[in-house]
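Report on the structure given below.
Ligands are counted one by one from 1 in listed order, and the atoms in each one are counted from 1 as well. What you see below is based on every heavy atom in this structure, not just the backbone, and it leaves out hydrogens, waters and symmetry mates. Predicted, not measured: the structure shown is a model, and the values here were computed from it.
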Amino acid sequence: MATSTGRKKIALIGSGMIGGTLAHLAAKKEMGDIVLFDIAEGMPQGKALDLSQCGPVEGFDAKITGSNDYADIAGADVVIVTAGVPRKPGMSRDDLLGINLKVMKSVGEGIKNNCPDAFVICITNPLDAMVWALREFSGLPHNKVVGMAGVLDSARFATFLAWEFDCSVKDVNAFVLGGHGDTMVPVTSYTTINGIPVNDFAKIKGVSESRIDEIVDRTRKGGGEIVGLLGNGSAYYAPATSAIAMAEAYLGDQKRILPCASYVDGKYGLDGLYVGVPTVIGADGTEDVIEIELSDEEKSNLKVSTDAVEELLEACKGLDSSLA
Ligand code: LMR
């Protein structure tokens with residue numbers, strides 16, 4: 001137990017829109033005491049104070065503090081990293097590589113020095129490269145560092161399908177593999193509507209294949225759609241909800257099977273890459289990667305996506321010699 005109260009400790013690195021939303025969700029769920037960290041002075045303290053004052057209204061009991069000092073994340077059980085810069089309309093996530101790589105270096109060192117036993121969930125973009133770099137900079141074991149992407153991408157796919165079929169989103173089990181870029185791979189062959197394969201369900205409902213293809217395409221570009229609408233920032237509610245589901249799976253040893261950017265070494269023909277795959281999350285962090293059978297087309301789509309991630313890793317190595 002990390003706190004003097006015996007409660008779990010959740011450190012949130014970055015106190016922007018996602019950080020604040022994460023803190024609110026974690027507090028509402030009483031997941032533990034929360035440290036909101038940011039280099040911007042006053043910002044994490046102000047948000048922590050504001051959020052603390054929700055407690056009496058909402059009836060949650062969580063100590064929420066703000067800090068500019070990495071020492072305050074000492075002993076955290078879970079660290080969720082949102083630090084860095086979001087993209088603006090017209091930018092790709094990859095355009096953030098240089099600036100956010102530097103941020104991951106100081107975050108990684110802060111984690112290494114203060115909470116080397118934590119389970120670390122990275123949200124910063126470009127996600128697959130940043131989670132890899134964060135792992136390298138922090139030196140934590142691969143099973144304790146993971147990226148939040150597949151849960152979010154699958155939730156987007158599920159939402160669009162539920163709208164199309166006019167059915168409850170609770171009955172849609174959607175599934176997205178690969179990197180968290182526009183080449184991600186929504187996998188229709190493993191997507192079901194209450195157990196009915198989505199393509200069969202589409203036939204029953206008279207929805208054409210081309211309409212499903214449009215939904216797949218919208219899912220791939222789902223982050224950019226929100227960036228375009230917001231005008232100055234990127235999505236935060238669904239990314240935060242997704243990361244909280246992953247944190248709960250770890251803290252509760254739930255053994256959930258969630259699509260996450262996990263370290264894959266051997267499976268899917270990959271050689272030491274962080275990329276979105278079905279992952280068992282429990283008390284040991286990412287406990288297993290599930291390798292599913294893919295069609296030739298799905299395999300080749302996954303290859304395009306993982307090649308794009310590999311290219312980014314090479315770019316990271318070129319930008320920071322300690323990664324080479
Ligand atoms: C998302 O998918 O919402 C995030 O990766 C943010 C972004 O830039 O799209």
Side-chain angles (χ1 to χ4, degrees), residues 12-22 24-25 80-104 107 120-134 145-161 163 169 174-187 215-247 258-262 274-277 279 304-306 308-309 311-313 315-316:
L12 306 173
I13 312 296
S15 68
M17 295 307 292
I18 311 184
T21 308
L22 283 166
H24 196 186
L25 286 171
I80 307 180
V81 179
T82 62
V85 178
R87 61 176 160 155
K88 293 205 160 48
M91 291 171 78
S92 85
R93 295 180 183 93
D94 298 355
D95 294 333
L96 306 170
L97 188 88
I99 186 156
N100 285 347
L101 184 64
K102 290 190 193 125
V103 177
M104 289 308 101
V107 174
V120 179
I121 302 169
C122 179
I123 303 187
T124 303
N125 274 319
L127 192 275
D128 309 276
M130 292 303 96
V131 65
W132 173 83
L134 189 60
V145 184
V146 66
M148 182 295 302
V151 179
L152 169 66
D153 299 325
S154 302
R156 286 186 174 139
F157 194 22
T159 304
F160 299 145
L161 288 170
W163 288 347
V169 77
F175 190 63
V176 178
L177 277 181
H180 182 58
D182 292 355
T183 58
M184 70 180 70
V185 189
V187 189
I215 292 171
V216 163
D217 190 55
R218 186 175 182 189
T219 301
R220 286 197 176 116
K221 297 176 182 153
E225 183 177 357
I226 294 176
V227 168
L229 289 165
L230 294 179
N232 186 20
S234 55
Y236 45 95
Y237 295 117
T241 308
S242 304
I244 289 289
M246 294 165 69
L258 297 171
C260 312
S262 303
Y274 271 93
V275 77
V277 284
T279 304
V304 170
S305 185
T306 57
V309 174
E311 243 177 69
L312 283 183
L313 299 196
C316 288

Is the count of non-hydrogen atoms from other residues, nucleotides or ligands lying under 6.0 Å from Ile99 atom CD1 greater than 12?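 Atom CD1 in Ile99 is not crowded, with 12 or fewer foreign heavy atoms closer than 6.0 Å.
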
Do ligand 1 and Asp153 have nitrogen or oxygen atoms that lie under 3.5 Å from each other?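 Such a contact does not occur with ligand 1.
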
Below 3.5 angstrom, do we get any N/O pair linking Asn125 and ligand 1?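 Yes; the residue has a nitrogen or oxygen that sits under 3.5 Å from a nitrogen or oxygen of the ligand.
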
Ile123 side chain reached by Met130 side chain, heavy atoms, under 4.5 Å: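 Side-chain contact under 4.5 Å: no.
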
Hey, are the side chains of Asp182 and Arg93 touching, using non-hydrogen atoms and a 4.5 Å cut-off?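 Side chain of Asp182 against side chain of Arg93, heavy atoms only: contact under 4.5 Å found.
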
Thr124 side chain to Ala83 backbone, donor-acceptor under 3.5 Å: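 Between the backbone of Ala83 and the side chain of Thr124 there is a qualifying donor-acceptor contact (under 3.5 Å).
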
Side-chain (Asn125) to main-chain (Pro86) donor-acceptor, under 3.5 angstrom: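 Judged by distance alone, no pair lies under 3.5 Å.
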
Could you tell me whether ligand 1 has any atom less than 4.0 Å away from a heavy atom of Leu152?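 Yes.
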
Within ligand 1, which atoms have a heavy atom of [X] less than 4.0 Å away?
{"X": "Ala235", "result": "3 (O)"}
{"X": "His180", "result": "1 (C), 2 (O), 4 (C), 5 (O)"}
{"X": "Gly223", "result": "1 (C), 2 (O), 3 (O), 9 (O)"}

State the CG-CG distance between Leu127 and Leu134, to the nearest 0.5 angstrom.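 Nearest 0.5 Å value for the CG-CG distance: 10.5 Å.
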
Where is the nearest protein heavy atom to atom 9 (O) of ligand 1: which residue, which atom, and how far?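 Ranked first by proximity to atom 9 (O) of ligand 1 is Arg87 NH2, 2.7 Å.
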
Atom 3 (O) of ligand 1 - nearest protein heavy atom and its distance: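 The protein heavy atom lying closest is Arg156 NH2, 2.7 Å.
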
